Engineer: 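Here you go, one structure.
When reading the values below, keep in mind they use all heavy atoms of this one structure, side chains included, and skip hydrogens, waters and symmetry mates. The structure displayed is predicted, hence computed values, not measured ones. Within every chain, numbering begins at 1; the chains are lettered A, B, ... in the order of the sequence lines, protein sequences first and strands thereafter.
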Amino acid sequence: MPIPPPDLSRPLRLVFMGTPDFAVPSLQALLTREEEVVGVVAQPDKPSGRHMVLHAPPVKKYAFAHQVPVFQPQKIRAAETLAHLRDWQPDLIVVAAYGKILPRPILDLPPYGCINVHASLLPKYRGAAPIQWAIARGETHSGVTIMKMSEQMDAGDILVQTQVELGDNETGGSLHDKLAILGAQALGEALALFKQGKLSASPQNEAAASYAPMLKKEDGQINWTQDAVSIEQRVRAFYPWPSAYTYLAGRRLKILGAGVGKENVFAPSVPVAPGSVLGIEATHLSIATGKDCLHISTVQLEGKKTLPISEFLKGRNIVLGLRLGI
RNA sequence: CGCGGGGUGGAGCAGUCCGGUAGCUCGCGAGGCUCAUAACCUCGAGGCCCUAGGUUCAAAUCCUAGCCCCGCAA
């Protein structure tokens, strides 16, 4: 259904809520428009990095650099948080990867509600890690959706949606960067349409909804009984974080680059345990899986640097038949 | 002081516990073999063993301090 345009006699008062890198281009897009960004909400600084030093989230840094007031509530549901937002008197709140579920009072606060930038083609891949799961599950397309926020996670009416084709070498990192930009563009488009009175909202098809749960590090552990195609998809999806990994003699080995080998290098009559080294080549290590084999091309052993397999093999005694994953 | 691994010719590693001529797999150079080769053989060059102190007749190795790289965790 069409959404009536706002009062055009003044710029919109906007509050932006976001935390990580993904949200930065969207904030940037808002700042380059004529609207007035009266405040930015980001998650609190957290200890991170190798020495657990307190670090500001990227959105906070960006907002600081552009002289926009930043608010970092400890509790999104606290009364003071709502009061603070109310003081800013936003016409509309724009959310991009903020990282917390917004409670009803906040959703109802701005006259025009809250809109969200989501990195999937909703209703598919609702949830925290839509970018990575789209690749891990072998989708041919992904995209971004600008939606009106509702209490149910990522279930609000769709305002603008942009699709993108996934490349054969698409990784979680590359798609993240693309969709961050695309999301910012779609956001700008949505705002422009809104001001022209041409924005319309269409409900999501609940029957087609699917979910992309938050990534856990264990999601990266390779199950060698899976088929090589699926494993390769995970290698790409989880690059650069949390990375697909296996074990080499008890030490964690990240698989950062791989391909699928269709060759049948062993006799079908001789069963080879998934995870076994089937071939040692100049450009890759061929590993048995549930179906076909995985050609590992780039690895990183825990504590060591990322290396192409050719370099990795020079200092190590990798033999045919060696089992990975144990 | 969050936990842990590491810095050794151009690359990747061993040697460090138990001080005593610095080694392996490659790469590089020259030559040979071959119809041919990212194949094979021979020879060769290339190292302030991260830095600064200390211990010792003697330190890559032991002690102290520092710098840098990386994994976990977040």
Engineer: Quote, to the nearest angstrom, the C1' distance that separates B:G29 from B:G10.
Structural biologist: 13 Å
Engineer: Pick the P atom in B:G9 and in B:G47, then give their distance to the nearest Å.
Structural biologist: 11 Å
Engineer: More than 12 heavy atoms of other residues, nucleotides or ligands under 6.0 Å from CD of A:Glu34: is that the case?
Structural biologist: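 At most 12 heavy atoms, drawn from other residues, nucleotides or ligands, come within 6.0 Å of this atom.
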Engineer: What does B:G29 pair with, Watson-Crick or G-U, if both distances are under 3.5 Å?
Structural biologist: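 WC or wobble partner is B:C43.
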Engineer: Could you tell me how far B:G5 sits from B:C26 if I compare only their C1' atoms? Round to whole Å.
Structural biologist: 24 Å
Engineer: In whole angstroms, how far is the P atom of B:G5 from the CG atom of A:Leu248?
Structural biologist: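 Going from A:Leu248 (CG) to B:G5 (P), I get 18 Å.
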Engineer: To the nearest 0.5 angstrom, please state how far the CD1 atom of A:Ile93 sits from the CZ atom of A:Arg13.
Structural biologist: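 So the CD1 of A:Ile93 and the CZ of A:Arg13 are separated by 12.0 Å.
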Engineer: Distance check, C1' atoms only: B:A74 and B:C18, in whole angstrom units.
Structural biologist: 41 Å
Engineer: Just to verify, what does A:Gln72 make a side-chain hydrogen bond (donor to acceptor under 3.5 Å, both in side chains) with, not counting sequence neighbours?
Structural biologist: A:Asp45, A:Lys60
Engineer: Which pairs, with at least one residue in residues 313-324 of chain A and sequence neighbours excluded, count as a salt bridge (Lys or Arg N to Asp or Glu O under 4.0 Å)?
Structural biologist: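 Sorted result for residues 313-324 of chain A: A:Glu311-A:Lys314.
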Engineer: Around atom NZ of A:Lys195, are there more than 12 heavy atoms of other residues, nucleotides or ligands at under 6.0 Å?
Structural biologist: yes
Engineer: Considering only atom C1', compute the distance from B:U16 to B:C49 and round it to an integer number of Å.
Structural biologist: 11 Å
Engineer: Distance between the C1' atoms of B:G2 and B:C62, in whole angstroms?
Structural biologist: 29 Å
Engineer: Mark up nucleotides 69-74 of chain B, 5' to 3', with B wherever a protein heavy atom is under 4.0 angstrom from a base atom, S wherever such an atom reaches only the sugar-phosphate, and - elsewhere.
Structural biologist: SBBBBB
Engineer: Taking any strand in view, what nucleotide pairs with B:A14 in a Watson-Crick or G-U wobble way, both distances under 3.5 Å?
Structural biologist: none
Engineer: Return the pairing partner of B:C72 with a 3.5 Å limit on both distances, Watson-Crick or G-U wobble; otherwise return none.
Structural biologist: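 With both distances under 3.5 Å, B:C72 matches B:G2.
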Engineer: For a quick check of understanding: with a heavy-atom distance under 4.0 Å over all strands, which category does A:Leu307 fall into, base, sugar-phosphate or nothing?
Structural biologist: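 Result for A:Leu307 = sugar-phosphate.
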Engineer: Between the side chains of A:Ser174 and A:Glu170, does any donor sit under 3.5 Å from an acceptor?
Structural biologist: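 Yes.
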Engineer: Distances under 3.5 Å only, N/O to N/O: pair up the protein atoms with those of nucleotides 26-28 of chain B.
Structural biologist:
{"unit_1": "B:C26", "atom_1": "O2'", "unit_2": "A:Lys314", "atom_2": "NZ", "d": "3.1"}

Engineer: Without decimals, in angstroms, what is the distance between A:Asn317 CG and B:G15 C1'?
Structural biologist: 17 Å
Engineer: Sticking with atom C1', work out how far B:C50 lies from B:A60, rounded to a whole angstrom.
Structural biologist: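 The same atom, C1', in both gives a distance of 12 Å.
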Engineer: For nucleotides B:A22 and B:A45, find the distance between their P atoms and express it as a whole number of Å.
Structural biologist: 15 Å
Engineer: Applying salt bridge (Lys or Arg N to Asp or Glu O under 4.0 Å) as the test, list every pair that has at least one member in residues 223-247 of chain A; sequence neighbours left out.
Structural biologist: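 Checked against salt bridge (Lys or Arg N to Asp or Glu O under 4.0 Å) - neighbours excluded - the pairs reaching residues 223-247 of chain A are A:Glu232-A:Arg236.
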Engineer: Can you work out whether A:Arg316 or A:Ala282 has the more 5'-proximal nearest nucleotide on RNA chain B?
Structural biologist: A:Arg316
Engineer: So what's B:G20 paired with, Watson-Crick or G-U wobble, going by both distances under 3.5 Å?
Structural biologist: B:C57
Engineer: Do NZ/NE/NH1/NH2 and the carboxylate oxygens of A:Asp91 and A:Arg10 come within less than 4.0 Å?
Structural biologist: yes
Engineer: Which residue pairs pass the ring pair (Phe, Tyr, Trp, His ring centres under 6.0 Å) test when at least one of the two sits in residues 114-156 of chain A, sequence neighbours left out?
Structural biologist: A:Trp133-A:Phe238
Engineer: Could you go step by step and tell me if A:Glu35 and A:Arg33 meet the salt bridge (Lys or Arg N to Asp or Glu O under 4.0 Å) rule?
Structural biologist: CA-CA 5 Å; A:Glu35 269 58 70; A:Arg33 293 184 59 83; 3.3 Å; yes
Engineer: Counting only Watson-Crick or G-U wobble pairs whose two distances fall under 3.5 Å, which nucleotide matches B:U37?
Structural biologist: none
